[in-house]
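I have placed the structure first, in the form of structure tokens, so that the comments after it can refer back to it.
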Amino acid sequence: MNRCGIKVDIKNVPLLDEEFIPILKFNRAFLKTAKKPVSIAVERADGQTAVYRTFIHGTSDMKSADRYYINRLVKTMLWMKGGFRVFVSGDEDTYEYLKGAFSPGGEQDFDRDFMSGIFEHQFEVLYTDKIPEAKDLPKRMGGHLDGCRIGFDAGGSDRKVSAVIDGESVFSEEVVWFPKTSSDPSYHYDGIVSALKSAVAHLPRVDAVGISSAGIYIGNRTMSASLFLSVPKEKFDAEVKDIYIRAVNDTFGDIPFEVVNDGDVTALSGMMSLADTNVLGIAMGTSEAGGFVDSEGRITGWLNELAFVPVDCSPDAEKDEWSGDIGCGVKYFSQDAVIRLAPRAGIRLEESLSPAEKLKAVQALVEARDSAAEAIYSSIGTYLGHTLAYYYDLYRCRHVLLLGRVMSGRGGDIILDECKRVLRDEYPETDGKLFPSLPDEKFRRVGQSAAAASLPQQACRR
């Protein structure tokens with residue numbers, strides 16, 4: 001296979017997507033002949049800085065390959081780590097290209113605008129002779145079981161709350177709600193407060209509150225979240241950014257609490273059930289969500305928005321309707337992947353069905369051992385094997401927990417088996433170092449809301 005003049009050799013190709021070019025394979029082929037040093041740094045508003053030192057060719061005949069490689073690298077850094085300022089050192093043409101690509105109206109305008117919004121800073125690309133030093137601010141969270149705690153988990157279709165005393169859940173409640181279709185933030189606020197008050201009735205006191213919620217949270221503030229998809233921007237800024245802060249303070253007063261992305265809480269749940277660290281959690285449902293706990297058992301503060309991280313370098317890769325970009329994780333590790341591959345497998349899904357219903361229809365075929373449906377899940381497993389090798393390069397994770405509706409049932413087993421086969425066959429460097437798995441019963445017993453309760457390190461005593 002060829003991309004921008006770079007020949008990429010692949011042993012394991014997805015059954016239903018022969019044009020798939022794994023980004024790690026492209027990067028390795030590109031770097032074999034790239035000799036000119038270039039450094040990239042991505043800076044966040046809280047002072048965290050990610051640094052990547054790499055190489056390009058720096059010649060006119062390889063300009064398109066250089067620009068493509070750097071574009072995908074910077075996009076990966078932004079959605080993995082987060083940032084509003086990009087520093088470039090070592091090549092002025094790379095700087096000029098990135099400055100244009102990440103400008104209003106540029107090819108990466110979506111990324112520029114999104115990062116500007118969540119970090120509340122104008123996005124910029126700067127050239128420098130000396131790249132900033134790398135800096136992370138990991139925070140130890142989770143696994144704190146002392147006292148009387150409340151854990152709240154806000155999902156897109158239901159909300160869960162748990163009352164926990166010294167690590168033991170004494171009450172759990174799950175309530176259906178419809179946050180994505182409500183434009184009035186008071187609906188969300190009332191639902192959050194109602195859940196918190198339900199748990200209070202089962203505790204002698206409340207020492208701390210932990211909240212797990214889909215979205216991006218910085219300093220306990222909601223910077224972006226699909227839960228509030230229908231809320232107008234002016235109401236989002238005025239009533240949603242501090243919605244969890246208000247809900248906790250209005251209900252309990254000054255009390256320790258933490259609001260954390262649900263992907264990170266998933267990784268924390270995995271850490272608690274595995275009794276080990278270096279855990280990457282990946283949920284494949286309506287999108288691809290990620291979370292990571294480092295080797296010290298800490299949350300990194302990174303975005304881990306794997307849905308927007310490039311995984312496929314094919315020029316004909318699938319396009320994401322929201323960002324307008326192609327080849328990103330959301331189209332390969334979500335229900336969209338199943339639906340996209342169905343016609344290639346010869347499976348016709350009724351257009352009147354919702355995406356969730358289409359997924360269920362294919363899952364029913366897999367359970368019935370339909371070979372066409374099995375080919376869909378085998379192809380996703382091949383995608384995953386190549387991509388987990390890439391995530392391993394990025395995170396150096398030891399465990400990968402695979403969750404979400406796409407991973408349920410027999411289809412999930414097919415994905416996992418094929419993923420492991422590709423890793424063994426094509427990425428021997430991960431052997432004995434990377435362990436993908438499905439959640440076990442112990443993980444399920446921990447529960448997302450119960451794990452959220454363990455987030456705050458300090459618990460007050462009143």
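All heavy atoms count here, side chains included; hydrogens, waters and symmetry mates do not.
Evaluation of the salt bridge (Lys or Arg N to Asp or Glu O under 4.0 Å) rule for Asp393 yields Arg28, Arg396 as partners, not counting sequence neighbours. Partners of Asp336 by salt bridge (Lys or Arg N to Asp or Glu O under 4.0 Å), not counting sequence neighbours, listed by chain and number: Lys331. With sequence neighbours excluded, the residues forming a side chain to side chain contact (heavy atoms under 4.5 Å, CB included) with Thr382 are Asn12, Pro14, His386, Glu418, Val422, listed by chain and number. In terms of the salt bridge (Lys or Arg N to Asp or Glu O under 4.0 Å) criterion, Lys319 has no residue partners (sequence neighbours excluded). Phe26 pairs by the ring-ring contact (aromatic ring centres under 6.0 Å, His included) definition with Tyr68, not counting sequence neighbours. Residues meeting the side chain to side chain contact (heavy atoms under 4.5 Å, CB included) test with Arg369, sequence neighbours left out: Glu374, Arg410. The side chain to side chain donor-acceptor pair (under 3.5 Å) test applied to Asp264 returns Asn304, not counting sequence neighbours. Partners of Asp325 according to the side chain to side chain contact (heavy atoms under 4.5 Å, CB included) rule, which considers only residues two or more places apart in sequence or in another chain, are Arg72, Lys75, Gln108, Ser323, Cys328. A search for salt bridge (Lys or Arg N to Asp or Glu O under 4.0 Å) contacts involving Arg405 returns nothing, not counting sequence neighbours. Here Val293 pairs with Ala267, Leu268, Met271 under the side chain to side chain contact (heavy atoms under 4.5 Å, CB included) rule; sequence neighbours left out.
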- request: Check step by step if side-chain hydrogen bond (donor to acceptor under 3.5 Å, both in side chains) holds for Ser172 and Ser162.
  value: CA-CA 4 Å; Ser172 290; Ser162 294; 3.1 Å; yes
field: CA sep, side-chain torsions, deciding dist, call: Glu107, Arg67, salt bridge (Lys or Arg N to Asp or Glu O under 4.0 Å)
entry: CA-CA 12 Å; Glu107 58 189 291; Arg67 290 182 170 183; over 6 Å; no
query: What's the verdict on salt bridge (Lys or Arg N to Asp or Glu O under 4.0 Å) for Asp9 and Lys11, showing C-alpha distance, side-chain angles and the deciding distance?
result: CA-CA 7 Å; Asp9 294 320; Lys11 291 169 60 180; over 6 Å; no
field: Thr300 vs Tyr395, side chain to side chain contact (heavy atoms under 4.5 Å, CB included): CA-CA, chis, key distance, verdict
entry: CA-CA 11 Å; Thr300 57; Tyr395 286 95; over 6 Å; no
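Surrounding CD of Glu367 are more than 12 heavy atoms belonging to other residues, nucleotides or ligands, all under 6.0 Å away.
With hydrogens and angles disregarded, no donor-acceptor distance shorter than 3.5 Å links the side chain of Ser378 to the backbone of Ala375.
Inspection of the Tyr390 and Thr76 side chains reveals an N or O donor paired with an N or O acceptor under 3.5 Å. Defined by atom type and a distance below 3.5 Å, a donor-acceptor pair is present between the side-chain atoms of His57 and Thr33. With no hydrogens or angles considered, a side-chain donor-acceptor pair links Thr59 and Asp61 at under 3.5 Å. Donor-acceptor pairing under 3.5 Å is lacking for the side chains of Thr387 and Tyr332.
Considering every non-hydrogen atom in both Gln48 and Leu137, the closest pair reads OE1-N, 3.3 Å.
Proximity of Lys36 to Asp66: side-chain heavy atoms (C-beta onward) are nowhere separated by under 4.5 Å.
From His121, atom NE2 reaches atom CD of Glu43 across 9.0 Å, with rounding to the nearest 0.5 Å.
Applying the salt bridge (charged side-chain N to carboxylate O under 4.0 Å, His left out) test to every pair with at least one member in residues 353-366, sequence neighbours left out, gives these pairs: Glu351-Lys358.
Aromatic ring centres of Tyr427 and Tyr392 lie farther apart than the 6.0 Å criterion allows.
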Hey, can you pull the donor-acceptor pairs under 3.5 Å for the side chains in residues 173-181, sequence neighbours left out?
{"residue": "Glu173", "atom": "OE1", "partner": "Ser198", "partner atom": "OG", "Å": "3.2"}
{"residue": "Trp177", "atom": "NE1", "partner": "Gly155", "partner atom": "O", "Å": "3.0"}
{"residue": "Thr181", "atom": "OG1", "partner": "Phe178", "partner atom": "O", "Å": "3.3"}

